[in-house]
Amino acid sequence: MARERISQADEWQTWAQRYDIEGGVRTFESGLTGKVFFGALFVGLLMMPGSIYLSYVSGQSGAAAAPWVAVILFTELARRSFTTARRQELYMLLSLTGAAVGSGMQYRSFIWYAYFVNTQQAISYEIADKIPAWVVPSGDSVAIATRSLLHPDWLLPVGIYLASKFLGTLRVVSGQYILFRLTADLERLPYPMAPITAQGATALAETTGKQETWRWQVFSIGSMAGLIWGFIYIGIPALTGVMMSQPIQILKIPWIDFTQSIEGFAPTGVFALRTDFGQMLFGFVLPFPVVMSEFVAAMLSQFVLNPHILYVNEILHQWEPGLDVRATSLFNGLDFWRSYDIGKTFSLGLVGMAASVPMLFKLRSTQKKAGQRGSLATPPNRGDFPLWLMGILWLIGMGGFVWLIHWMVPNFPLSFLLGFAFLYTPINSYITARTFGVLGRDLFEIPYLHEITFILSRYEEIDIWFAPLPDEDYGAGTQGWRVLELTGTTFTSNLAATLLIMPILIICGILVQHFIWQIAPIPSAQYPFVQMMWPINATNECLMKTSLRDGNSEIIQAIRGDYVAAGFTSSLAIYGLLWVLKCPSMWFYGIIGGIGADPGSMVARLLGAIIGRFYMIKRFGLKRWFMFNPVLAAGFACGVGLVGMGTVAVALVSKAVIVKPF
Amino acid sequence: MEKLASVIIIIGTAFWFVSVLFLGGRWQWQMFAALILTIGIFIAHFWEELSEGKNKNTPKDDN
């Protein structure tokens, strides 16, 4: 029997609808109250140290847990006080707490460059002494030797950061808002993924009502599972790290490397089993066809394509027996996969355009029938801003940013900065806003854009690699405005909350990052994830930043037109053949994600997807399972986060205690 | 249109294989194959979205 053809838009909308169980509301209230603001600040700042510490220990910040903890505390307090929490308040609480917890990470690049400037890689590639003073103090600075972010040597980097932050806020808020008005109000794009976030706040707002719903039970189950897993994976290494020089890891963080074990029958193949089985929760949530096709493509890449085609034909020629996953991946990347990935990413852009351009025509015809599109009129009491004002704010923010970059790298051609700022950024943002509005995800990205720009500009100084460029994308952020609309939260209250909490977080973030740096050098045995990853990241960064040196760099040599074309064309061929065979387009995104990737990193996700598909859906029914998913995942993240925070608190206290020798 | 798109995509794919296996994998030939595939994919999507007789069925909700 012939397979029925389903359009890509219909296919994706159907997936989005599985999560969309509530309609949007159209009455707007402020979500910003004193109790919400201080509650978010309290919980956020309490969890921020743990979040930073966890990111160095396990590679994950656990920041996702904090907002949910705040919301649970808030709802419990509301219940005990015989009052109710509004959906708007809870969404605001989620948003503010997330910002508070994440604020510590904004200074992570300072720690990274403080490490990078003294690495053997930076020295041997002759980068160390050329890193600008507005990025990091010199390698022999007292600030780095004493691991202090509060030293005067950091004044210039921090000052530049603060100026960028201020101008960035102007640009991002205004840019996102203008695009939201264009796509959501004028064009009425559906934003299919926005209701997922909105539903989270709705779910917990229900618990303060008279009837307790299933959501609370599911959240609790997830939390308990997260607590157990968090204790095994994060708690034990963190606690034993307090007492021992080498922490005990029941499961090795971040992976168990089988690459050398498989080299007998799959030379150049990699397989490193990622031990973070919390990824199973993502497997529950992600579409099954994506997870499955991704894993199959990765297996074929590492066990067939790499060893029996690319290695045999000497395309992968730098590999030698005995190399681990990191070295094998590096050499494979230089030999083939980096080039292939460039072409592959370009194909995603083209496929996105092929899908969205016809949609424009379709939406236009729909507009005529429905008569709802084409108006910029706003719903009453939404808290909108004048478009002209936002336009001026964006121009000020972007103009100031371009001036700042020009001051940092005065010899870099200004025309390129202006082109990025006022041509590329608006077009790129609009395309992304449209894809989020229709498909709920980004499909358009030009890879190696900076590198291409630097080649075209003929600018050879290394400082440009450390400067920000005004190539921005506000498209993804438009979804947040749609979530505000769905939860009935006024835009003005959201903006006011963001501006109120920002100065507090800027100060607290640097203080906490400073204290964590004081505990132990980063990287060191106390921070196993960064100890494992940062050396290889340093090599990659050196390769990247020297790629244009003398016009004869390793990375430029590694990028070969034939392989880029292979990545581009083969991806298009896969997409085309899937369409011809009437297969779901989801497979394409899975296959593209899996080609060349390490299947070991996907095992946990695959397990989650299989359990979800073949047990949970049968047990609970499809609709209920997709209702449970986000709440269960939130509970799990909360549980892991709580363990992380608890153990980190113990570790921080123990490190803060000075043991005297008498 | 659907058949036309399918034929173009199949020709593009076959030509890509030929370019890799028999024409030394030179990027020029591969990009020519990509051009054919791009045309086929655009025709496919235009047909899918714009044709009057397009399929109104929603995907089967079986995960």
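Note that the structure is predicted; figures quoted are calculated from it, not measured. Below, chains carry the letters A, B, ... as their sequence lines are ordered, and counting in each starts from 1. Hydrogens, waters and symmetry mates are skipped; everything else that's a heavy atom, side chains included, is used.
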Problem set entry | Derivation of the ring-ring contact (aromatic ring centres under 6.0 Å, His included) call for Phe588(A) and Tyr575(A) | CA-CA 6 Å; Phe588(A) 170 72; Tyr575(A) 185 82; 4.8 Å; yes
For this session: Determine the minimum heavy-atom distance between Asn332(A) and Thr268(A), stating which atoms define it.
Result: ND2-O, 2.8 Å
For this session: Output the option from Gly12(B), Gly25(B), Gly40(B) having the highest count of non-hydrogen pairs under 4.5 Å with chain A.
Result: Gly25(B)
Exercise. Which region of Ser347(A), side chain (C-beta onward) or backbone (N, CA, C, O), has a non-hydrogen atom less than 4.5 Å from a non-hydrogen atom of chain B, or is it both or neither?
Worked result: neither
For this session: Give me the ring orientation class for Trp625(A) and Phe284(A): parallel if the planes are under 30° apart, tilted from 30 to 60°, perpendicular past 60°.
Result: perpendicular
Exercise. Which region of Gln28(B), side chain (C-beta onward) or backbone (N, CA, C, O), has a non-hydrogen atom less than 4.5 Å from a non-hydrogen atom of chain A, or is it both or neither?
Worked result: neither
Problem set entry | Other residues, nucleotides, ligands: >12 heavy atoms within 6.0 Å of Phe32(B) CZ | no
